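Data block below; observations after.
As the structure is a prediction and not an experimental result, all values here were calculated from the model. Heavy-atom basis, side chains included; hydrogens, waters and symmetry copies ignored. For ligands, and for the atoms within them, numbers begin at 1 and follow the listed sequence.
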Amino acid sequence: MKTYNFGIVGLGVMGRNLLLNMADHGFAVAGLDMDQEKAGSLQNEAQKDHQIFATVDPESFVKSLESPRAIMLLVPAGSAVDGAIGTLLPLLDEGDIIIDGGNTYFSDTDRRYQELSSKGIHFFGMGISGGESGARRGPSMMPGGDKVAYERLRPIFEAIAAKVDDAPCVEFLGNGSAGNYVKMVHNGIEYGIMQLIAETYDIMKNVYHLEHEVIQESFEQWNREELNSFLIEITGAILKRKEENTFLVDLISDWAKSKGTGKWTSQNAMDLQVPVPVIDAAVNMRDMSKYKLERIQASKLLTWQNTSKVDPVDLEHLKAGLYFAIISTYAQGLAQLRIASDTYGYGLNLETVCKIWRGGCIIRATLLEDFRKAFALQPDLANILLDREIAAKLNASQAGIRSIIRDAIQNGTPVSAWMNALSYFDSYRAENLPTNLIQAQRDFFGAHTYERTDKEGVFHTRWES
Ligand SMILES: NC(=O)C1=CN([C@@H]2O[C@H](COP(=O)(O)OP(=O)(O)OC[C@H]3O[C@@H](n4cnc5c(N)ncnc54)[C@H](OP(=O)(O)O)[C@@H]3O)[C@@H](O)[C@H]2O)C=CC1
Ligand SMILES: O=C(CO)[C@H](O)[C@H](O)COP(=O)(O)O
């Protein structure tokens with residue numbers, strides 16, 4: 001009987017494309033889905049030289065795999081993962097490997113690792129990014145946890161990963177749930193950059209009243225320059241698409257869904273006490289977008305008449321402002337990874353993280369090579385804003401962000417991600433913050449005590465006496 005090198009459970013967007021990618025690279029791959037149509041259509045899609053087997057029967061799926069078996073789950077995060085593990089477990093042998101390739105919450109991975117390792121099954125989480133086309137042609141993959149199991153499968157993952165300068169965009173990242181955690185923060189950064197780009201589009205359209213074609217061409221042009229990145233590239237392509245005589249983007253409703261990874265990033269950043277204000281703003285704005293009916297009501301009641309004239313925009317300023325804001329967003333996400341690594345004992349190397357994010361993933365960008373170099377030179381860098389070269393880029397581009405935000409505010413256009421990108425920079429570079437007053441207030445109403453700048457110790461004042 002023919003045996004297969006690798007198994008994938010869940011033949012939806014990611015599973016189907018990753019399986020075909022593996023088959024393109026000469027691996028024999030078996031797929032399992034609960035839906036006969038998905039299994040059948042995959043079998044039909046196989047090219048002549050592909051070695052593919054797709055089924056809805058868990059038993060024949062498991063039996064088709066060479067031992068020790070390697071099975072990746074690409075099912076929705078949460079109960080579907082537990083359901084798939086529950087189906088497979090009675091059919092597996094000690095030494096088999098299960099990989100969760102989905103957007104799983106990191107602590108679920110820690111729990112599943114404990115449960116499965118006690119049964120002799122290797123288990124690790126590996127975030128995957130790149131969407132449908134990345135999975136098919138070369139994703140970025142973020143494995144962590146069981147290094148022995150990962151090493152056994154490394155040749156398969158390196159073969160199918162995106163490549164930058166011949167280096168595969170997959171590398172073992174660290175202990176425990178490191179792989180899922182890094183993917184979660186990747187998605188938080190993704191949320192932040194998407195919101196910044198959406199606000200930029202709004203600024204161009206509604207603050208400076210630029211023609212749609214000028215906006216579209218600007219994104220295309222910026223993608224050829226220092227802003228080069230996947231999200232800028234697809235924005236140029238999206239803005240080009242017409243349906244009959246109308247730009248498709250103008251026909252799309254303004255409320256956006258989300259699956260939770262951005263919110264998890266913000267929630268966990270709060271737990272770790274790491275400020276990630278652009279990511280928070282992006283989550284807030286997706287939430288705000290859902291209040292459509294209230295927003296329609298409020299638009300009539302809460303008004304602002306802009307009486308001052310906005311000067312024509314300098315597109316170089318706008319580009320510099322967006323560049324500044326995007327760097328600020330990466331800085332926040334990478335700072336969160338640094339603290340999470342210490343807190344959870346992941347042992348992350350941020351140079352490696354930046355290296356495997358340079359290709360294949362949704363937040364790939366030319367800038368990531370700058371960040372990689374910064375961490376290569378200073379592995380303990382607390383924040384990329386403290387790197388001299390990155391600081392110089394920000395210092396040089398901040399005039400742009402300040403003037404654009406001023407115009408947007410004057411116009412009444414909401415730009416919370418842009419504002420938070422700047423405010424992060426201004427607060428991070430502030431030697432003194434007004435938090436001394438907060439210390440005093442806490443002590444006033446709650447006798448919480450305070451520390452002083454002129455002497456050591458903990459103090460309390462009877463403020464009302
Ligand atoms: N789409 C994307 O761009 C990306 C997605 N991800 C993550 O990858 C994971 C998969 O996402 P995606 O491919 O988009 O999801 P899809 O919904 O497209 O596919 C999931 C598939 O899994 C099947 N399934 C669910 N439970 C089981 C089970 N117990 N046994 C066998 N098959 C099962 C579903 O079948 P049915 O439909 O019949 O229920 C469906 O075919 C998620 O965690 C997602 O967050 C990560 C990166 C990018
Ligand atoms: O992981 C991804 C990209 O990296 C997925 O596309 C994810 O679904 C995006 O998050 P959301 O659905 O919340 O926008």
Which ligand 1 atoms, with their elements, are less than 4.0 angstrom from a heavy-atom of Val9? 30 (N), 31 (C)
Hey, does Ala77 sit under 4.0 Å from ligand 1 if you only count heavy atoms? yes
Would you tabulate the side-chain donor-acceptor contacts of residues 154-169 under 3.5 Å, counting partners in other chains and residues two or more places apart, or write 'none'?
residue: Arg154; atom: NE; partner: Glu151; partner atom: OE1; Å: 2.7
residue: Arg154; atom: NH1; partner: Glu158; partner atom: OE2; Å: 3.0
residue: Arg154; atom: NH2; partner: Glu151; partner atom: OE1; Å: 3.4
residue: Lys163; atom: NZ; partner: Glu158; partner atom: O; Å: 2.9
residue: Lys163; atom: NZ; partner: Ala159; partner atom: O; Å: 3.2
residue: Lys163; atom: NZ; partner: Ala161; partner atom: O; Å: 2.7

State the CZ-CD distance between Arg137 and Glu132, to the nearest 0.5 angstrom. 11.0 Å
Which of the ligand 1 atoms, numbered from 1, are nearer than 4.0 Å to a heavy atom of Ile128: 46 (C), 47 (C)
Taking the side chain as every heavy atom from C-beta outward, state whether Leu322 and Ile401 have any atom pair closer than 4.5 Å. no
Would you check if the distance from the ring center of Tyr113 to the ring center of Phe124 is below 6.0 Å? no
Heavy-atom contacts under 4.0 Å between Thr87 and ligand 1: side chain, backbone, both, or neither? neither
When Asn420, Leu422, Asn284 are each screened for side-chain contact (heavy atoms from CB on, under 4.5 Å) with Pro277, the one that passes is Asn420
Can you name the one residue among Val415, Ile409, Thr413 that meets side-chain contact (heavy atoms from CB on, under 4.5 Å) with Asn411? Thr413
Using a 4.0 Å cutoff against the non-hydrogen atoms of Ala84, which atoms of ligand 1 qualify? 29 (N)
The protein heavy atom nearest to atom 41 (O) of ligand 1 is Asp33 OD2, 2.7 Å
Donor on one side chain, acceptor on other, Glu225 and Gln221, under 3.5 Å: yes
Name each donor-acceptor pair under 3.5 Å that joins a side chain in residues 189-199 to protein atoms two or more places apart or in another chain, with its distance.
residue: Gln195; atom: NE2; partner: Glu199; partner atom: OE2; Å: 2.8
residue: Glu199; atom: OE1; partner: Ala417; partner atom: N; Å: 3.2
residue: Glu199; atom: OE1; partner: Trp418; partner atom: N; Å: 3.0
residue: Glu199; atom: OE2; partner: Ser416; partner atom: N; Å: 3.3
residue: Glu199; atom: OE2; partner: Ala417; partner atom: N; Å: 2.9

Using a 3.5 Å cut-off on N or O atoms only, is Lys259 in polar contact with ligand 1? no
Residue and atom name of the nearest protein heavy atom (relative to atom 42 (C) of ligand 1), distance in Å to one decimal: Val75 O, 3.5 Å
Tell me: protein heavy atom nearest atom 22 (O) of ligand 1, and distance? Gly10 CA, 3.4 Å
Looking only at protein heavy atoms, which one is nearest to atom 17 (O) of ligand 1, and what is the separation? Pro76 CG, 4.3 Å
Could you tell me whether the side chain of Ile52 reaches within less than 4.5 Å of the side chain of Gln47, counting heavy atoms only? no
Write out each pair where an N or O from ligand 2 and one from the protein are under 3.5 Å apart, with the distance.
residue: ligand 2; atom: 1 (O); partner: Asn103; partner atom: ND2; Å: 2.8
residue: ligand 2; atom: 1 (O); partner: Lys183; partner atom: NZ; Å: 2.8
residue: ligand 2; atom: 1 (O); partner: Asn187; partner atom: ND2; Å: 3.0
residue: ligand 2; atom: 4 (O); partner: Lys183; partner atom: NZ; Å: 3.4
residue: ligand 2; atom: 4 (O); partner: Asn187; partner atom: OD1; Å: 3.2
residue: ligand 2; atom: 4 (O); partner: Glu190; partner atom: OE1; Å: 2.7
residue: ligand 2; atom: 13 (O); partner: Tyr191; partner atom: OH; Å: 2.5
residue: ligand 2; atom: 13 (O); partner: Lys259; partner atom: N; Å: 2.7
residue: ligand 2; atom: 14 (O); partner: Arg286; partner atom: NH1; Å: 2.8

With only distance considered, is Met14 within less than 3.5 Å of ligand 1 through an N or O on each side? yes
How does Lys183 reach ligand 1, by side chain, by backbone, by both or by neither, if only non-hydrogen atoms under 4.0 Å count? side chain
Can you confirm if the aromatic rings of Tyr201 and Phe219 lie within a centre distance of less than 6.0 Å? no
Which residue supplies the protein heavy atom nearest to atom 37 (O) of ligand 1, what is that atom called, and how far is it? Lys38 NZ, 2.9 Å
Would you say atom 15 (O) of ligand 1 touches the protein, meaning some protein heavy atom is under 4.0 Å from it? no
NZ/NE/NH1/NH2 to OD/OE distance under 4.0 Å, Asp370 and Lys393: yes
Got the closest protein heavy atom to atom 44 (C) of ligand 1, with its distance? Asn103 ND2, 4.0 Å
Distance under 4.0 Å to a non-hydrogen atom of Gly12: what atoms of ligand 1 satisfy this? 13 (O), 18 (O), 19 (O), 21 (C), 41 (O)
Protein contact of atom 3 (O) of ligand 1 - nearest heavy atom, named by residue and atom, plus distance: Gly131 CA, 3.4 Å
What residues, two or more places apart in sequence or in another chain, satisfy side-chain contact (heavy atoms from CB on, under 4.5 Å) together with Ser64? Tyr4, Ala30, Phe53
Mind checking whether Phe106 and Tyr344 have side chains closer than 4.5 Å, heavy atoms only? yes
Go through Ile128 and Met72 one step at a time and tell me if the side chain to side chain contact (heavy atoms under 4.5 Å, CB included) criterion holds. CA-CA 11 Å; Ile128 303 182; Met72 183 185 285; 3.8 Å; yes
Would the distance check show the side chain of Arg69 and the main-chain N or O of Val62 forming a donor-acceptor pair, the cut-off being under 3.5 Å? yes
Starting from atom 20 (C) of ligand 1, locate the nearest protein heavy atom and write down its residue, its atom name and how far away it is, to 0.1 Å. Leu74 O, 3.6 Å
Relative to ligand 1, is Val13 under 4.0 angstrom through side chain, backbone, both or neither, heavy atoms considered? both
